[in-house]
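Below, all heavy atoms of this structure are taken into account, side chains as well, without hydrogens, waters or symmetry copies. What you see is a predicted model; the values in this text were computed from it and never measured.
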Amino acid sequence: MKSRKTLLTGVLILLLGVVCCACGAEGASKDKLEGSLSEIMASLYENAELDQGFRDSLDGYETYELTDEMEVSVLGTDEITYKEAVVSMPMMSSTAYQCVLLRVEEDDVETVKQSLKTNANPDKWVCVSAETTLIESRGDVIFFIMCDKDTAYAMNSAFQNLSK
């Protein structure tokens, strides 16, 4: 009788372990965003609850791959290692705005976020400053935006609500 209880307890513990591992793996992949960063950026603009004035100005915005030459200007440093990066900003504007998506190694997400917080310069524009700087992440993708408060939070909400 005792060996049956021991066996049953062992089987239940093993089954519980398998269920917990399966749930944990699903949770980790749930936050991982698929697709190119350019596609993700386009989805952010499409789904964000942006005011009509900003939405009307989007024709003057461009999204392109971040180059080595632009890193210090956009990220505040050239010490960040990433697998893929895109930046969206107006081609010409009197508004302080940039939105960056970085895909990094998952183990580096928190380090990169801290580096961005340390090096971000919301006063880098001539005659204007970004009101808000937000740095968030989902899986291996980091969202970094500097602009006015309403636009920053609308874009962040769209980022947080993206489906994988």
Side-chain angles (χ1 to χ4, degrees), residues 25-164:
E26 180 182 325
S29 67
K30 176 184 159 204
D31 227 23
K32 192 158 182 140
L33 298 175
E34 301 296 328
S36 74
L37 294 182
S38 293
E39 293 169 336
I40 293 170
M41 186 72 76
S43 179
L44 293 180
Y45 285 126
E46 184 179 321
N47 295 304
E49 293 183 24
L50 301 166
D51 71 43
Q52 194 57 47
F54 185 87
R55 199 164 284 290
D56 291 343
S57 71
L58 282 174
D59 287 343
Y61 283 60
E62 192 173 330
T63 299
Y64 42 89
E65 286 187 36
L66 184 64
T67 64
D68 293 343
E69 295 79 30
M70 299 169 24
E71 285 179 352
V72 173
S73 171
V74 172
L75 305 176
T77 180
D78 59 0
E79 299 295 317
I80 292 175
T81 303
Y82 52 87
K83 297 188 281 188
E84 180 186 6
V86 296
V87 59
S88 177
M89 60 178 70
M91 291 180 270
M92 192 164 210
S93 176
S94 61
T95 304
Y97 180 89
Q98 77 171 30
C99 184
V100 180
L101 295 174
L102 299 165
R103 183 166 273 133
V104 301
E105 295 292 336
E106 283 195 62
D107 292 344
D108 296 337
V109 169
E110 292 306 315
T111 302
V112 171
K113 285 170 61 175
Q114 186 57 52
S115 181
L116 290 169
K117 287 176 187 171
T118 301
N119 293 292
N121 181 6
D123 300 316
K124 70 179 189 167
W125 292 274
V126 177
C127 300
V128 294
S129 294
E131 178 183 22
T132 302
T133 300
L134 294 177
I135 302 165
E136 301 290 344
S137 61
R138 295 223 7 229
D140 63 347
V141 176
I142 297 173
F143 169 83
F144 169 41
I145 191 166
M146 293 194 296
C147 61
D148 68 274
K149 181 177 147 186
D150 292 340
T151 303
Y153 283 99
M155 291 290 285
N156 182 50
S157 180
F159 177 72
Q160 295 303 328
N161 292 315
L162 282 173
S163 58
K164 62 177 182 160

| message | Assess the residue pair Thr63 and Tyr45 against the criterion (side chain to side chain donor-acceptor pair (under 3.5 Å)); give the C-alpha distance rounded to whole Å, side-chain angles, the decisive distance to 0.1 Å, and a yes or no. | response | CA-CA 11 Å; Thr63 299; Tyr45 285 126; 5.3 Å; no
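- Annotation for Pro90 and Thr95: closest pair CG-O, 4.5 Å, computed over non-hydrogen atoms.
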| said: Please evaluate residues Val109 and Ile142 with respect to the criterion side-chain contact (heavy atoms from CB on, under 4.5 Å), reporting the C-alpha separation (whole Å), side-chain torsions for both, the decisive distance (0.1 Å), and the verdict. | reply: CA-CA 7 Å; Val109 169; Ile142 297 173; 4.3 Å; yes
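- In this structure, the ring-ring contact (aromatic ring centres under 6.0 Å, His included) partners of Tyr97, at least two apart in sequence or on a different chain, are Phe54, Tyr61.
- Residues Thr151 and Leu50 meet the side-chain proximity criterion, which asks for heavy atoms closer than 4.5 Å.
- Of all heavy-atom pairs spanning Ser163 and Leu33, the tightest one is O-CD2, 4.2 Å.
- A donor-acceptor distance shorter than 3.5 angstrom exists from the side chain of Thr118 to the backbone of Gln114, with no hydrogens or angles considered.
- Nearest approach of Leu44 to Met155, heavy atoms of both residues: CB-CE, 3.8 Å.
- Annotation: the span from Glu65 atom CD to Leu37 atom CG amounts to 9.0 Å, rounded to 0.5 Å.
- Distance check, rounded to the nearest 0.5 Å: OG1 of Thr111 to CD of Glu105 gives 12.0 Å.
- Side-chain atoms of Glu131 come within 3.5 Å of backbone atoms of Lys149 as a donor-acceptor pair (strictly under, hydrogens ignored).
- Between Ala130 and Ala96 the shortest heavy-atom distance is N-CB, 3.6 Å.
- What you find for Met41 and Cys99 is that their closest heavy atoms are CE-O, 3.4 Å.
- Nearest approach of Val74 to Val100, heavy atoms of both residues: CG1-CG2, 3.5 Å.
- In terms of modelled atom types and a separation under 3.5 Å, the side chain of Arg138 and the main chain of Phe159 share a donor-acceptor contact.
- Between the CG atom of Leu134 and the NZ atom of Lys117 there is a distance of 10.0 Å, given to the nearest 0.5 Å.
- Distance check: Leu75 CG to Tyr82 OH gives 6.5 Å after rounding to the nearest 0.5 Å.
- Every pair tested for salt bridge (Lys or Arg N to Asp or Glu O under 4.0 Å) that includes a residue from residues 41-59 fails, sequence neighbours excluded, so the list is empty.
- A distance of 7.0 Å separates CG of Leu102 from CG of Leu66, quoted to the nearest 0.5 Å.
- Put simply, the side chain of Tyr64 reaches to within 4.5 Å of the side chain of Val87, judged on heavy atoms.
- Listed by first and then second residue, the salt bridge (Lys or Arg N to Asp or Glu O under 4.0 Å) pairs that reach into residues 79-101 are Lys83-Asp140, Glu84-Arg103, sequence neighbours excluded.
- With hydrogens and angles ignored, the 3.5 Å screen pairs a side-chain donor or acceptor of Asn119 with a backbone N or O of Ser115.
- Summarising the geometry, atom NZ belonging to Lys113 is positioned 8.5 Å from atom CD1 belonging to Ile135; distances are rounded to the nearest 0.5 Å.
- You'll find the side chain of Asp78 stays beyond 4.5 Å of the side chain of Asp68, heavy atoms only.
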